[in-house]
Amino acid sequence: MSNALDNQYQPSIIEQAIYQSWEANNAFAAREAESAYCIVIPPPNVTGSLHMGHAFQDTVMDLLTRYHRMKGDQTLWQVGTDHAGIATQMVVERRLAADNISRHDLGREKFIEKIWEWKAESGGTITRQLRRMGAAIDWNRERFTMDDGLSEAVEEVFVRLYEDGLIYRGKRLVNWDPVLHTAVSDLEVESLEENGSLWHLRYPLSDDPSSHLIVATTRPETLLGDAAVAVNPDDERYRHLIGKTVDLPLTGRKIPIVGDEHADPEFGSGCVKITPAHDFNDYEVGKRQGLDLINVLDINACIDLDGSPYHGMDRFAARKKIVSDLDQAGLLDSIKDHKLMVPRGDRTGSVIEPYLTDQWYVKVEPLAKEAIKVVEDGDIKFVPENWSNTYFNWMNDIQDWCISRQIWWGHRIPAWYDQHGNVFVARTAEEAQSKAGPDAILEQDEDVLDTWFSSALWPFSTLGWPEKTPEFDKYYPTNVLVTGFDIIFFWVARMIMFGLKFTGQVPFKEVYIHGLVRDLEGDKMSKSKGNVLDPIDLIDGIELEALVEKRTKGLMQPKMAAKIEKQTRKQFPNGIEAYGTDALRFTFASQATLGRDIRFDLTRVESYRNFCNKLWNASRYVLMNTEGKDCGQVEATVKLSLADKWIISRLQQVEKEAVEQIENYRFDQLAQSLYSFVWDEYCSWYVELTKIVLNDENATDAQLRGTRRTLVRVLESTLRLLHPIMPFITEALWQEVKPLAAVEGDTIMNCVYPLYDESKIDQQAIEDMTWVQSVITSVRNIRGEMNISPGKALPILVQGASPKEASNIELHSDYLTKFGRFESMSMLTDSDQAPESATALVGDMRLLIPLGSFIDANAEISRLSKELEKAERDIAGVSGRLSNKAFVDKAPEAVIAKAQQQLDDAESAKFTLLEQIERMQAFLEND
RNA sequence: GGGCGUUUAGCUCAGUUGGUAGAGCAUCGCCCUUACAAGGCGAGGGUCAGUGGUUCAAGUCCACUAACGCCCACCA
């Protein structure tokens, strides 16, 4: 009932109630259908909370899911959460640290219990927030990466890869995080340029201690682990020294001088110290040269050398001491400023140490080959396409993947060792025991798997694999993966590799890569910068004080608080208004262009909130004029007006566009089309024109029915068009409108997405309506320029109308006089002497508004002069082209004809304008 | 070092196969007209980063340059 609709749209009243009713009625469950459509969510951290990137991504996935559901597909948006090993463990450790407890105090079992407790406590946050986003999710199908089924999939995959020789264990140099005490993969290391020094050290020659080699290093402390000095075998300066030794300072060791390509004669002195256990390049040199691996660090990256004066010192403290000791010994040649790339762990920010340990690896090259091929062959398509280059670049040079982590939260590696150190990889302890024999005393590997290992299985593990399930058969391969470019390597590539290996099929057919959501200045949103927007705050609104509190609380660097507070107060002096989910989603859709980051612009949210209000009020108007009245629900004669035929035609065209835009992932264009259809066409023209019929005492029942029916039906279709972007408001309005439009169904989300019908497009109606619009607009233009009140009815004289135009005036005089607010329309012949008037041109037809008290001749002259200038500019441009022989010879006929038409129009306009200006001037002189 | 992206109105962004630039917000003017002032009507505002080329015609295609940004690799 229309009186249920307030005259202002208030999202808070409708949104939560609607979501609850959807969920209570199990409306999200997939309906059986022949064709399937499936998207798996990039699983967020189970204990995390929703940020703008999620909100954007979720909007896109929900939009696609809702569209396909309406299209009639059996849809599954598979959601779930990730255990996020390191991240989650760190959070819990930090919480324990507040009580001065370490995980080691608790022990493994107790600590893991604590994590499960934390998951139970905070694990619902992000799924609650997803609901607030309006996500159409069958929550019965929610999964977690450490669910039993998914864990079994992990074990199955591990065992099979091991059996196929694609997983191995080995002692090698890995990226070691000395704070976390775990290995991390290459991808988890971020290198940033930092200011450092290049120390030039003197290594005395053993057989001639008075001479020395100078080696340059950025890491003097690793000198303790040097195994050689390398020179380039082609380097004349040092070639003769190869095979001799130097006295390694501070250690009493002698190390060989070796010839190796690795040494660059151009760099520094051309001599390089080789520390195979603490540098990736040196490790390779060491292998080539058969050097010892001399480990000098412990897991904390402190010096670990019994009997050494540096034993137990942190690496950076040791560096200082070693440099000063060398200096005292006269072995420090020089120190130069040097910029270098410092590797840091992406979680801890601590400097990563190349460290020699036993780890598990996946041999990825054979898997990568197949994974490259499916993208090359187009079995998987990146959208936008250029991301496939990024993918190829990485895949072509892929390194083995270190998958073991020395943490406790995660999937324990399914490998057992007997008392002799033999390893048994198996799905269960029992299976391992039976492999090892009854006498073996087995202990399971202490390590857990990289979180991304289980994520790599997500598209099929969530569907029940390795079991044969109906879901897997129905939905796999999934249709599209929606994700950010930042995890193409971490996740997308690995899903493709594992998907192909274990299912023989691609995991998804398309990968939609979206940009990062940044703040208005283009900065990444981060807690430490204090520029984070919480999607929920945009939905519900937030007071300034609460926002300041939120942004300044719990900062890593508390001294930033003052600056952040100031910024926030300046940017949001009144806090943030409650814009509602639909406006936020519409904003994301409108910003979802391909291949570009998003600068999040709050003014757009506001404008789309206003759009919601517009739609809301247009619906109110429709309801006020149709409820309790005959809207042609039952077949009966209807007479359609020009406006009716026009809006129906336009609706068809918009429906056609909408489907194309969604299928092409152009949600920005979709948003734009629907916005302008609703606002600029349905509201600004159509709704206004219906008032003429509906307020006409002489209108016939058939006319009234026709207009009401069109009002309601077009609105109902428009709501369906909008529903994938704005689920809440469309549902709320649809529930009011559906009886009037004679449509059935419990919820708009199960209605069919509008299908355009070519036969309903009335080309003549579009042409005529365009003509009506131009007549009204040109008179409005004069009103605007002359500051004539919109309510003031104007007498209009028409001169120079073609027969078609004359008949149009006759036919549509109601529209023109009533909507255009014309007092009268009188036809003049060309020979009639027209009074002094302001003049609007529509083609060759002239609309004259006789000068009265409200029209100022001077203002009219300046208005006409402006138009004249424009006409002259057009003439200059177009005639220039047309007089160019090459253009006339080579351009397509249609282009030439169009130019000729433009020229004719502009010239005729110019003629009329000049004439009018002269008349005005003459009028002024006689006045 | 290699690769990718961006540069269009004051701001945020569109611009399909080359045919002479659009939207929202902001600005200015007039209107509280019974769906909506979160509104209506109108207006102003751009040598499309630069240079050169292809073409009858370039924001659009090609080459180079500049600025900004991202990714990968890396000389110790």
Side-chain angles (χ1 to χ4, degrees), chain A residues 2 5 7-9 186 191 198 215-219 230 262-264 266-275 279-282 285 338 340-341 384 386-387 389-390 392-394 397 485-486 488-489 515-516 518 520 522 577 579 583 590-591 593 595-604 606-625 660 664 666 668-669 671-672 675-676 680 683-684 687-688 691 695 777 780-792 821 866 874 877-878 881 884-892 894-896 898-899 902:
Chain A
S2 64
L5 298 189
N7 74 341
Q8 221 176 34
Y9 155 71
D186 297 347
S191 289
L198 194 57
V215 298
T217 180
T218 54
R219 301 211 48 195
H262 173 62
D264 175 2
E266 305 297 317
F267 188 91
S269 62
C271 306
V272 55
K273 66 197 249 344
I274 303 297
T275 322
D279 182 285
F280 289 103
N281 284 312
D282 293 2
V285 176
H338 185 69
L340 72 165
M341 299 297 278
N386 59 291
W387 286 110
N389 290 330
T390 305
F392 290 136
N393 285 344
W394 190 68
D397 189 32
F485 58 84
D486 49 331
I488 290 177
F489 306 147
L516 211 63
R518 298 169 176 279
L520 195 56
E577 269 189 85
Y579 297 112
S590 79
Q591 302 246 69
T593 60
R596 197 176 174 127
D597 282 351
I598 293 159
R599 292 193 181 203
F600 193 80
D601 184 354
L602 207 56
T603 67
R604 286 179 83 134
E606 185 172 349
S607 77
Y608 296 132
R609 189 274 315 265
N610 296 351
F611 175 65
C612 290
N613 189 51
K614 189 76 181 173
L615 181 66
W616 184 266
N617 275 290
S619 303
R620 275 183 68 225
Y621 168 84
V622 172
L623 293 167
M624 286 164 69
N625 285 285
E660 288 168 0
N664 291 327
R666 288 309 303 266
D668 59 322
Q669 294 178 343
Q672 171 71 29
Y675 181 99
S676 90
D680 304 334
C683 292
S684 294
V687 162
E688 294 304 324
K691 292 175 185 173
N695 296 332
T777 303
R780 276 181 184 168
N781 174 281
I782 291 177
R783 279 184 200 274
E785 295 277 302
M786 300 289 158
N787 285 343
I788 300 169
S789 146
K792 172 77 191 169
R821 301 236 180 200
K866 232 169 31 183
D874 287 352
V878 182
R881 270 194 290 161
N884 181 344
K885 187 165 179 312
F887 173 71
V888 181
D889 286 349
K890 295 187 179 173
V895 173
I896 296 170
K898 191 180 160 197
Q902 284 172 347

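Convention: sequence-line order gives letters A, B, ...; per-chain numbering from 1.
Nucleotide B:C41 forms a Watson-Crick or G-U wobble pair with B:G29, both donor-acceptor distances falling under 3.5 Å. Base pairing annotation: B:C13 forms a Watson-Crick or G-U wobble pair with B:G22, both donor-acceptor distances under 3.5 Å. Judged by Watson-Crick or G-U wobble contacts below 3.5 Å, the nucleotide B:G1 has B:C72 as its partner. Using N1 to N3 plus N6-O4 or O6-N4 for Watson-Crick, or N1-O2 and O6-N3 for G-U wobble, each under 3.5 Å, B:U7 pairs with B:A66. For B:C36, there is no paired base (Watson-Crick or G-U wobble, both distances below 3.5 Å).
Residue-to-nucleotide contacts include a donor-acceptor pair under 3.5 Å from the side chain of A:Arg881 to the base of B:U20. Taking 3.5 Å as the limit, the base of B:A38 and the side chain of A:Gln8 contain a donor-acceptor pair of atoms between them.
Among B:A43, B:A76, B:C56, the nucleotide with an atom closest to any side-chain atom of A:Leu198 is B:A76. Taking the side chain of A:Arg821 as heavy atoms from C-beta on, and the options B:A76, B:U33, B:G19, the nearest nucleotide is B:U33. With distances taken from any side-chain atom of A:Glu688 to the nucleotides B:A76, B:A43, B:C36, the minimum falls on B:C36. Comparing B:A35, B:A38, B:G15 against the side chain of A:Gln669 picks out B:G15 as the nearest. Comparing B:C56, B:A38, B:G44 by their closest approach to the side chain of A:Asn610 singles out B:A38. Closest approach to the A:Val895 side chain among B:G19, B:C56, B:A14 is made by B:G19 (side chain taken as heavy atoms from C-beta onward). Of the candidates B:C25, B:U12, B:C4, B:U12 carries the atom nearest the A:Asp601 side chain, counting heavy atoms from C-beta on. The side chain of A:Arg596 sits closest to B:C13 out of B:C13, B:A38, B:A35. When the nucleotides B:G3, B:A14, B:A38 are ranked by their closest atom to the side chain of A:Asn393, B:G3 comes out on top. Among the nucleotides B:C71, B:G19, B:U12, the one closest to the side chain of A:Phe489 is B:C71.
Considering only side-chain N and O atoms, A:Lys691 lies nowhere under 4.0 angstrom from the phosphate OP1 or OP2 of B:U33. For the pair A:Ser607 and B:C25, the criterion of a side-chain N or O lying under 4.0 Å from OP1 or OP2 is not met. Between A:Arg666 and B:G15, a side-chain N or O to OP1/OP2 separation shorter than 4.0 Å is present. For A:Arg609, no side-chain nitrogen or oxygen approaches OP1 or OP2 of B:A38 to under 4.0 Å. For the OP1/OP2 pair of B:A43 and a distance below 4.0 Å, the side-chain nitrogens and oxygens of A:Lys866 include no atom meeting the criterion.
When the nearest nucleotides of RNA chain B are assigned to A:Arg518 and A:Lys898 by heavy-atom distance, the more 5′-ward of the two goes with A:Lys898.
Within the nucleic acid shown, A:Ser590 has no heavy atom closer than 4.0 Å to any nucleic acid atom. A:Gly515 comes within 4.0 angstrom of nothing in the nucleic acid, heavy atoms only. If you check every strand for non-hydrogen atoms under 4.0 Å, A:Asn613 touches a base. Counting non-hydrogen atoms under 4.0 angstrom, A:Asn781 reaches the backbone sugars and phosphates but no base. Contacts of A:Arg604 with the nucleic acid, taken as non-hydrogen atoms under 4.0 Å apart, include base atoms. Residue contacts shown for A:Ala263 include a base, since a base heavy atom lies under 4.0 Å away. At a threshold of 4.0 angstrom between heavy atoms, the contacts of A:Val687 include nucleobase atoms, whether or not backbone atoms are also involved. When heavy atoms are screened at a 4.0 angstrom cut-off, A:Glu577 is found touching no nucleic acid atom at all. The residue A:Thr390 sits apart from the nucleic acid: no heavy atom pair falls under 4.0 Å. Using a 4.0 Å heavy-atom cutoff across all strands shown, A:Cys683 reaches at least one base atom of the nucleic acid. Residue-level contact check: A:Gln591 touches the backbone only, with heavy atoms under 4.0 Å from sugar-phosphate atoms and none from bases.
Following rounding to the nearest Å, A:Leu615 (CG) and B:G39 (P) show an atom-to-atom distance of 14 Å. Distance, A:Arg599 CZ to B:U7 C1': 11 Å, rounded to whole Å. Between the P atom of B:U7 and the CG atom of A:Asp597 lies a distance of 12 Å, rounded to the nearest Å. Atom CG of A:Leu516 is separated from atom P of B:U6 by 16 Å (rounded to the nearest Å). One can place CG of A:Asp186 at 15 Å from C1' of B:C71, the figure rounded to the nearest angstrom. For the pair A:Asn7 CG and B:G39 P, the interatomic distance rounds to 13 Å; values are reported in whole Å. B:A38 atom C1' lies 11 Å from atom OH of A:Tyr9, rounded to whole Å. Rounded to whole Å, the distance from CZ on A:Arg780 to C1' on B:C41 is 6 Å.
A:His338 and A:Phe267 have perpendicular rings, their planes meeting at more than 60° on a 0 to 90° scale where under 30° would count as parallel. Using cut-offs of 30° and 60° on the angle between ring planes, the pair A:Tyr675 and A:Tyr608 is perpendicular.
Spacing of P atoms, B:G2 relative to B:C64, comes out at 13 Å, to the nearest Å. Between the P atoms of B:A49 and B:G10, the separation comes to 13 Å (whole Å). The C1' atoms of B:A14 and B:U8 are separated by 10 Å, rounded to the nearest whole Å. Taking atom C1' in both B:A43 and B:A35, the straight-line distance is 27 Å, to the nearest Å. Nucleotides B:A23 and B:A66 are separated by 30 Å at their C1' atoms, to the nearest Å.
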(Q) Please determine whether side-chain contact (heavy atoms from CB on, under 4.5 Å) holds for the pair A:Ile896 and A:Phe887, giving the CA-CA distance in whole Å, both sets of side-chain angles, and the decisive distance to 0.1 Å. (A) CA-CA 8 Å; A:Ile896 296 170; A:Phe887 173 71; 4.2 Å; yes
Q: Test A:Asp668 against A:Gln591 for side-chain contact (heavy atoms from CB on, under 4.5 Å), laying out the working first.
A: CA-CA 6 Å; A:Asp668 59 322; A:Gln591 302 246 69; over 6 Å; no
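Neither side chain, A:Arg881 nor A:Asn884, offers a donor N or O lying under 3.5 Å from an acceptor on the other.
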